[in-house]
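Labels below follow one simple rule: chain letters A, B, ... track the order of the sequence lines, proteins then strands, and each chain is numbered from 1. Remember, it's a predicted structure, so these values are computed and weren't measured experimentally.
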Amino acid sequence: MISPQSKPSFRLTRTQRIRKSGEFAHVYGLRNTSGDGHLLVFAAANGRPQSRVGVSVSKKHGNAIIRSGLKRRLREAFRLTQHDLPGGLDLILIPRHKSGSTVEDYQQSLTTLARKLAGRIARSNKECGG
RNA sequence: GAAGUGGGCUAGGCGAUCGCUGCGGGAUCGGUUUUCAGAUCGGUUGCGGAGAGGAAAGUCCGGGCUCCAAAGGACACGGUGGUGGGUAACGCCCACCGUCCGCGAGGACAGGGAAAGUGCAACAGAAAAUAUACCGCCCCAGGAAACUCACUUCGGUGGGGAUUCGAGGCGAGGCUGCGGUCUCCGGGGUAAGGUUGAAAUGGUGCGGUAAGAGCGCACCGCAGGCUGGGUGACCAGUCUGGCUUGGUAAACCCCACCGGGAGCAAGACCAAGCAGGGCGAAGAACCGCUACAGCGGUUGUGGGUCGGUCCGGCUCACGAGCGGGCGAUUUCGGUCGCUGGCGACGACGUCCGGGUAGGUUGCUUGAGGCGGCGGGCAACCGUCGUCCUAGAUAAAUGGUCGCCCUCGACACGACCCGGCUUAUCGGCCCACUUCAGCA
RNA sequence: GCCCCCAUCGUCUAGAGGCCCAGGAUGCAGGAUUCUCAGUCCUGAGACAGGGGUUCAAAUCCCCUUGGGGGUA
């Protein structure tokens, strides 16, 4: 990470995504969740400086057009808010059902929910460690 | 101008900015290798260029490709069903034929066989596939009194013809003074008519008949033959037959044709890791060569395999030993034969268990698009030129802003093609039909 | 992605071309019995996923659509 951070990059590269089904299963298995009217978020510490994201949209949301749109909006929300989020987390984003939600809704929900989950993880680490 | 029929094209656009996935080449960082140069892999960054559909959908057909053995025969099973052509192939397309619908342009049709056989048809109806029974209609024999004629022993007897009955019952008919009384109960011809039903044994008309009937005739329909046209489905004409065999095959079935199974999560490779175990049957014969280790061939046996079964075919095995008993031989070390046991092992199959975390490939140039010429009514084919047009893998086309318009439907690849079906806001174009008006 | 299967009252089901405007159980509603409740008895409402075709006739046979469920690394 040599980049001087003078201009913060808003790219979303492949290393910033959760890509293996084992990693997905790990995050789901911890059952560390939080949600609001727009989003449901699973989180786990990943031991990296950056946070990573994964998106899951079930078939109940509709056909392929609707599901692709949801996934694009969720990824866009993570891309735009990635510097406001705590680092070192694996996040799985699941949209709620009544989705008239916009990217801005997702951005607000994502930042608040991710900070809540990061605090919870830090607390449990302290309790376990000491 | 109105209404309509058939076909084709299109699938909001422009700009700014932040992003996503491949490809090309550049810079930089890290790993491996190397004396260096360099090679290779991965990351980051910026440049160039590319980046979802007409249905990408449903998965309803057909094919390519891959593996199963090289994909063979019969049966079973499944599918298709007018004819001719197109095609890699098809259940698709084109042209034509037939039936039905529409004034018409046109549209619809799983459109072979019901005279090979089996089955089915509720209810209603005389009857539901066999041509007969029932009602009905008609004829003949026969019958009675009344009427009339003749005869008479006046009790009746015989004849005539009209009407009627012509079949066992709430029967029909005659006479009557309405209380009764009398008579009959045999034979045959028909399929015109019979209220039903989805469907009823050729139809209509005329003749004919006791009543009727293709019994006869005309027209229509049907069947068969012949002639002509057409590659053919079929069409036209003509003759004959009086006519007989209804429906259902998206019921079984018959005929013709087609189909081996599974599917890119197929399949192949890399490195890493690991763990194998149980069970199964057989482990022959003959010939040839030989260095006597073995090799080759034929037959056979056994296992496996072609996807549901059988055949045929293909493939694998048919050996190294251990010790017991008996017999022969011996230089007493052993050797050979027979018998019946044990059994490691290789190959094969099957079952159970573990693992299937990961990467590369398959992976996009193809029955390809566009244009010209030629062949064909057309579907389509041939030839020449030209173009390269997604390849992701927790899975790429988006977010925000501005402007314009007709205010934007259905909907997003996942191995690839050819079709079909289904969903769909609009817009544009071409050809044609009917009606109205004008010239 | 690929390959299959299924659909009948609220629920579980029967049905195999006509006897079915679909039967049974349970649940639901009303009534009777009881001082009241339960139980019992009587009565009633309630379904062939949707569309098209074959047939005289379809829950049943064929096609399309819709909605569920399963298998497969």
Mate of B/G91 across any strand shown (Watson-Crick or G-U wobble, both atom pairs under 3.5 Å) is none

From CZ of A/Arg79 over to P of B/U17, roughly how many Å is that when rounded to an integer? 15 Å

Per the O4'-C1'-N9-C4 / O4'-C1'-N1-C2 angle with a 90° window around 0, B/G22 comes out syn

Heavy atoms under 4.0 Å, any strand shown: does A/Thr13 hit a base, just sugar-phosphate, or nothing? sugar-phosphate

With a 3.5 angstrom cut-off on both distances, give the Watson-Crick or G-U wobble partner of B/A128, or none if there isn't one. none

Roughly, in whole Å, what's the span from CD1 in A/Ile18 to P in B/A395? 10 Å

Taking CG from A/Leu91 and P from B/A394, how many angstroms apart are they, rounded to a whole number? 18 Å

Decide yes or no, distance alone: a donor-acceptor N/O pair under 3.5 angstrom between the base of B/C18 and the side-chain of A/Arg11. no

B/G72 - base-pair partner by Watson-Crick or wobble geometry, distances under 3.5 Å: B/C311

Going by a 90° cut-off around 0, is B/G179 syn or anti? syn

Does the side chain of A/Arg75 get closer than 4.0 angstrom to OP1 or OP2 of B/A396 through an N or O atom? yes

Taking syn as within 90° of 0 and anti otherwise, name the glycosidic form of B/A266. anti

With both distances under 3.5 Å as the test, what is the Watson-Crick or G-U wobble partner of C/U11? C/A25

When the C1' atoms of B/G7 and B/C94 are compared, how many Å lie between them, rounded to an integer? 15 Å

For the backbone of A/Thr33 and the side chain of A/Arg120, can you confirm whether one donor and one acceptor N or O come within less than 3.5 Å of each other? yes

Which heavy atom of A/Gly54 sits nearest to which heavy atom of A/Ile18, and what is that distance? N-CD1, 3.9 Å

When you compare B/A265 with C/G71, how far apart are their C1' atoms, in angstrom units rounded to a whole number? 12 Å

Please name the pair of heavy atoms, one in A/Leu89 and one in A/Ala114, separated by the smallest distance, quoted to 0.1 Å. CD1-O, 4.1 Å

Kindly determine whether A/Tyr106 and A/Glu76 satisfy side chain to side chain contact (heavy atoms under 4.5 Å, CB included), including the steps that lead there. CA-CA 9 Å; A/Tyr106 285 140; A/Glu76 184 72 12; over 6 Å; no

Suppose we define a pair by two distances each less than 3.5 Å, Watson-Crick or G-U wobble; what does B/A284 pair with here? B/U299

Polar side-chain atom of A/Gln108 near backbone of A/Asp105 as donor-acceptor pair, under 3.5 Å: no

Could you tell me how far B/G171 sits from B/U245 if I compare only their C1' atoms? Round to whole Å. 44 Å

Gap in Å between the two C1' atoms, one belonging to B/A110 and one to C/G69, rounded: 32 Å

Heavy-atom donor-acceptor pair, A/Gln50 side chain to A/Thr15 backbone, under 3.5 Å: no

How would you label the glycosidic angle of B/A282: syn (within 90° of 0) or anti? anti

Using whole Å, report how far CZ of A/Arg73 lies from C1' of B/G398. 10 Å

For the pair A/Arg115 (side chain) and A/Asp84 (backbone), establish whether a donor and an acceptor sit closer than 3.5 Å, ignoring hydrogens and angles. yes

Report the base-pairing partner of B/A218 (Watson-Crick or G-U wobble, both distances below 3.5 angstrom), or none. B/U204

Among the nucleotides B/U21, B/C18, B/G43, whichever has the atom closest to the side chain of A/Phe10 is B/C18

Rounded off to whole Å, could you give me the CD-to-C1' distance for the A/Gln16 and B/U44 pair? 12 Å

When the P atoms of C/A25 and C/U40 are considered, how many whole Å apart are they? 13 Å

Looking across every strand, which nucleic acid part, if any, lies under 4.0 Å from A/Ile65 by heavy atom: base, sugar-phosphate, or nothing? base

B/G349 versus B/G302 - spacing of their C1' atoms, nearest Å: 13 Å

When rounded to whole Å, the NZ to C1' distance for the pair A/Lys71 and B/G399 reads 17 Å

Measure from the side-chain heavy atoms of A/Ala64 and tell me the nearest of B/C20, B/G399, B/G413. B/G413

Sticking with atom P, work out how far B/A284 lies from B/U339, rounded to a whole angstrom. 12 Å

Nearest-angstrom distance from the residue atom CD of A/Glu76 to P of B/C18: 13 Å

Please state the P separation for the pair B/G325 and B/G354 - nearest whole angstrom. 49 Å

Counting only N and O atoms by type, is there a donor-acceptor contact under 3.5 Å from the side chain of A/Ser124 to the main-chain atoms of A/Ile121? yes

Please work out whether B/G24 sits syn or anti, treating a glycosidic angle within 90° of 0 as syn. anti

If pairing means Watson-Crick or G-U wobble with both distances under 3.5 Å, then the partner of B/C154 is none

By the Watson-Crick or G-U definition, both distances under 3.5 Å, C/A59 is matched with none

Separation of atom CD1 in A/Ile66 from atom C1' in B/A423, rounded to whole Å: 14 Å

Return whichever of A/Val55 or A/Val103 has its heavy-atom-nearest nucleotide of RNA chain B closer to the 5' end. A/Val55

